[in-house]
Each structure stands twice: as structure tokens, then as C-alpha cells.
Engineer: 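First, the structure itself, so that you have it in front of you.
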Amino acid sequence: MPTRGDIAAEPRPGAAVLDAARCRALLESNSVGRIVFTRGALPECRPVAYAWDRGLIVFSVDDAAVARAIAGNAVAAFEVDGVAPLGPSSWTVLAVGETCRVESDVDAARMRRRLTGSWAAGPAADVLALRPRRLSGLQVGP
């Protein structure tokens, strides 16, 4: 398959490339995704509850060592998708960008309230953020 840098130039048959605006809209409309980072030079992936907040993907992590790895490596990927097993359409969005710890107690508390559901970390968890520098996505079906 021809490539343009590290991004495939053409999606697989039946898939359509999503533009950045559509990727942002899909990120805003969901609440569970996966943070992909490295720890000890090996890739790791964790499901997390998240929220789109002022251009940031915000999530929390209960494990302090994982939080240090995510914030300490400074670059990570975040993936979210919508799979319709019986429906006509599925999609995936990948955000790659810089990570940081949310240092302000006020901002962390405000953001933590937005992180709900079974993948939300506890009230003492570290609140982290990823600022997307590259957004890409694919949709299969109408």
C-alpha cells in the first residue's frame, strides 16, 4: 500500500478517511477509549474513561507508575472507536500527541467529575491530558 510518511495514503477497500473535524466530533461524542504509551521501552494500552475538554483528551489513572510513564514519556496515542456489529457503520479515531499531568487542583477536580462509568479511575487518581497533534480516522460503511 502506498504511504505518505507513516500514514497510509489510501484506506482499505470499503473504508473512508475521516477529516480532523469529524475525528474531533467523534472524540467529543464518546466517553471510553484506550491510552497507548510506552513503559520500559515496551508498548502498553489501557482502557480509560475520558472527556474532550478545550482541545484536550482528559482521563485519569489509578496506578501511579502508569501515570508517571504516560506523563513522563511526553508522547502517547489515544484510540476510540464505534463498532456496530449488527449495524452498517463502524469507525475508529487515533489521536497522537503530547501528554501531561493536570497540575491545577481546580482543573483536575472539574475534569474528574466528567469521567464516569466503569473505566473511570477513583477520586484520588492522577488526572492526565493528551493534546492531539495528529488526528486520523477511518469509517467503514455509510
Side-chain angles (χ1 to χ4, degrees), residues 1 3-12 14-142:
M1 176 181 292
T3 61
R4 188 180 45 218
D6 60 345
I7 302 170
E10 296 190 22
R12 71 177 188 81
V17 174
L18 300 175
D19 64 20
R22 181 71 176 134
C23 289
R24 278 189 295 278
L26 290 167
L27 279 166
E28 288 182 58
S29 70
N30 283 274
S31 61
V32 175
R34 285 164 294 288
I35 184 69
V36 182
F37 58 99
T38 58
R39 182 163 57 154
L42 296 172
E44 289 195 31
C45 180
R46 299 279 173 109
V48 293
Y50 79 94
W52 180 262
D53 188 89
R54 302 175 190 172
L56 299 173
I57 297 167
V58 178
F59 56 97
S60 59
V61 176
D62 279 322
D63 186 323
V66 169
R68 280 192 306 275
I70 293 169
N73 286 328
V75 175
F78 187 85
E79 194 271 340
V80 63
D81 51 40
V83 178
L86 302 176
S89 179
S90 297
W91 54 267
T92 185
V93 170
L94 179 68
V96 177
E98 298 162 0
T99 58
C100 65
R101 188 178 311 270
V102 175
E103 298 292 347
S104 161
D105 290 340
V106 172
D107 286 340
R110 177 180 59 80
M111 293 175 187
R112 192 177 281 115
R113 285 191 295 272
R114 297 185 56 203
L115 306 175
T116 61
S118 58
W119 290 110
D126 288 297
V127 178
L128 306 171
L130 182 141
R131 179 178 304 283
R133 296 292 182 213
R134 186 178 77 202
L135 287 173
S136 60
L138 292 174
Q139 181 170 338
V140 178

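Start at 1 with the first residue, then count along the sequence.
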Engineer: Distance-only, no hydrogens or angles: does the Arg112 side chain make a donor-acceptor pair with backbone N or O of Ala125 under 3.5 Å?
Structural biologist: yes

Engineer: Indicate yes or no: at least one non-hydrogen side-chain atom of Arg34 is less than 4.5 angstrom from one of Asp81.
Structural biologist: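 Yes. Closest side-chain heavy atoms under 4.5 Å.
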
Engineer: What is the minimum heavy-atom distance between Asp126 and Ala67, and which atoms define it?
Structural biologist: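 That would be OD2-CB, 3.4 Å.
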
Engineer: When you measure from the side chain of Asp19 to the backbone of Ala21, do you find a donor-acceptor pair of N or O atoms at a distance under 3.5 Å?
Structural biologist: yes

Engineer: Between Arg133 (side chain only) and Glu98 (backbone N and O only), is there a donor and an acceptor less than 3.5 Å apart?
Structural biologist: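 The answer is no, because no donor-acceptor pair under 3.5 Å joins these two groups.
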
Engineer: What's the shortest heavy-atom distance between Leu26 and Leu18, and which atoms?
Structural biologist: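 Where Leu26 meets Leu18 most closely, the heavy atoms are CD1-CD1, 3.6 Å.
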
Engineer: Between atom SG of Cys100 and atom CZ of Arg131, what is the distance when rounded to the nearest 0.5 Å?
Structural biologist: 7.5 Å

Engineer: Taking C-beta and beyond as the side chain, do Val58 and Arg114 meet within less than 4.5 Å on heavy atoms?
Structural biologist: no

Engineer: With side-chain contact (heavy atoms from CB on, under 4.5 Å) as the criterion, how do Ile35 and Tyr50 come out once you've worked through the C-alpha distance, each side chain's angles and the decisive distance to 0.1 Å?
Structural biologist: CA-CA 10 Å; Ile35 184 69; Tyr50 79 94; over 6 Å; no

Engineer: How close do Arg39 and Asn73 get, counting heavy atoms only, and between which atoms?
Structural biologist: N-ND2, 4.5 Å

Engineer: Is there a side-chain contact between Arg46 and Val61 in this structure, where contact means two heavy atoms from C-beta onward sitting under 4.5 Å apart?
Structural biologist: no

Engineer: After noting the C-alpha distance and the side-chain angles of Leu128 and Thr99, does the key distance pass the side-chain contact (heavy atoms from CB on, under 4.5 Å) rule?
Structural biologist: CA-CA 7 Å; Leu128 306 171; Thr99 58; over 6 Å; no

Engineer: Does Asn30 reach the main-chain N or O of Val32 with its side chain, forming a donor-acceptor pair under 3.5 Å?
Structural biologist: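 Absent.
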
Engineer: Taking all atoms of both residues into account, what is the closest heavy-atom pair of Gly137 and Cys23, and its distance?
Structural biologist: N-SG, 3.6 Å

Engineer: Could you check Leu56, Ile57, Ile70 and say which one makes a side chain to side chain contact (heavy atoms under 4.5 Å, CB included) with Leu130?
Structural biologist: Ile57

Engineer: How close do Leu135 and Ala20 get, heavy atom to heavy atom, and via which atoms?
Structural biologist: CD1-O, 3.9 Å

Engineer: Considering non-hydrogen atoms only, spot the tightest contact between Phe78 and Val48 and give its length.
Structural biologist: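 Shortest heavy-atom separation between Phe78 and Val48 comes out as CE1-CG2, 3.7 Å.
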
